[in-house]
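Okay, structure first, notes after.
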Amino acid sequence: MPRLSEKLTLELNAQMGREFSASNQYLAMAIYLDDKSLSDLANFYYRQSEEERQHALKFMHYVLDADALPVVPELPKPKSDFESVEEIAEMSLSMEREVTGCIHNLVDLAMEERDHSTNRFLQWFVEEQIEEEATFNRLLDVTRQSTNLLLIDQYVSRLEPTGGPDEGA
Ligand code: FEO
């Protein structure tokens, strides 16, 4: 594998930071939901938080494998208070859309640099983001259609985080 360019190293590190940041934000959402005794929703968000941490570690290992240096970033404080479950679902979908945009920008950069290894590595995330956006789109639909929090909680108990494209979830 060719050594990563300085620019790609910087951008892949920034994405690692965004994944850690998403992990913290989903954890803060899980705690809020747990405190409201919405256990299934809380568990969904605990698992989502762990999944984002795994995404961050994928970036970290890739940068290391490409003979560059990952740098653990300083993270912004996550939002911890919310008006409603709908606000949480909206914020989650908006976070995922932002991540999708960042991943696509990274693919553009890898293609510009003719870095085929990084492009191939990023394709896992391109697929993963399709699933992540679909999951949160469905959750948002359900929260908008139901004022019954227990029904939303029940719905989420059947919803698993995607686990990633190659895990077939
Ligand atoms: Fe790792 Fe949900 O983006």
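Quick note: numbers below take in every heavy atom, side chains included, and nothing from hydrogens, waters or symmetry partners.
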message: In this structure, is the centre-to-centre distance between the rings of Phe59 and Phe125 below 6.0 Å?
response: yes
If only atom types and distance count, is the side chain of [X] paired as donor or acceptor with the main-chain N or O of [Y] below 3.5 Å?
| X | Y | answer |
| --- | --- | --- |
| Ser49 | Tyr45 | no |
| Gln25 | Lys79 | yes |
| Arg3 | Asp67 | yes |

Are the side chains of [Y] and [X] in contact, using a 4.5 Å heavy-atom criterion?
| X | Y | value |
| --- | --- | --- |
| Leu27 | Ser23 | no |
| Asn119 | Val107 | yes |
| Asn13 | Pro73 | no |
| Thr9 | Leu69 | no |
| Tyr26 | Met95 | yes |

Out of curiosity, [X] [atom1] to [Y] [atom2], how far, rounded to the nearest 0.5 Å?
| X | Y | atom1 | atom2 | result |
| --- | --- | --- | --- | --- |
| Met111 | Thr118 | CE | OG1 | 13.0 Å |
| Glu90 | Leu139 | CD | CG | 11.0 Å |
| Leu4 | Glu113 | CG | CD | 8.5 Å |
| Ser21 | Met16 | OG | CE | 12.0 Å |
| Leu122 | Cys102 | CG | SG | 11.5 Å |
| Thr100 | Glu132 | OG1 | CD | 8.0 Å |

task: Can you establish whether the number of heavy atoms outside Gln54 located under 6.0 Å from its atom CD is more than 12?
output: yes
### Query
Between Tyr62 and Lys58, is there a cation-pi geometry (under 6.0 Å to ring centre, at most 45° from the normal)?
no
Determine whether the side chains of Gln129 and His104 contain a donor N or O and an acceptor N or O closer than 3.5 Å.
no
### Task
Compute whether any side-chain donor of one residue and acceptor of the other, for Glu11 and Gln15, lie under 3.5 angstrom apart.
no
If hydrophobic clusters are built by linking Ile, Leu, Val, Met, Phe, Trp and Tyr wherever their side-chain heavy atoms come under 4.5 Å apart, do [X] and [Y] end up in the same one?
| X | Y | result |
| --- | --- | --- |
| Phe82 | Ile31 | no |
| Leu75 | Leu12 | yes |
| Phe20 | Met60 | yes |
| Tyr46 | Leu57 | no |

Practice problem: Please lay out, stage by stage, how Gln123 and Arg120 fare under the test side-chain hydrogen bond (donor to acceptor under 3.5 Å, both in side chains). | Solution: CA-CA 5 Å; Gln123 291 310 310; Arg120 189 183 161 93; over 6 Å; no
Next on the checklist: Apply side chain to side chain contact (heavy atoms under 4.5 Å, CB included) to residues Glu51 and Gln48 and explain how you reach the verdict.
Outcome noted: CA-CA 5 Å; Glu51 194 174 293; Gln48 195 65 36; 3.9 Å; yes
Below 4.0 angstrom, N of the basic side chain to O of the carboxylate: do Lys7 and Glu112 qualify?
no
What one should report as the nearest heavy-atom pair of Pro70 and Val63 is N-CG1, 3.6 Å
Check your understanding: When the ring planes of Phe136 and Phe44 are compared, do they come out parallel, tilted or perpendicular, using 30° and 60° as the limits?
Key -> perpendicular
- Message: Glu87 vs Asp81, test: side chain to side chain contact (heavy atoms under 4.5 Å, CB included). Steps then yes/no.
- Response: CA-CA 10 Å; Glu87 186 193 354; Asp81 199 20; over 6 Å; no
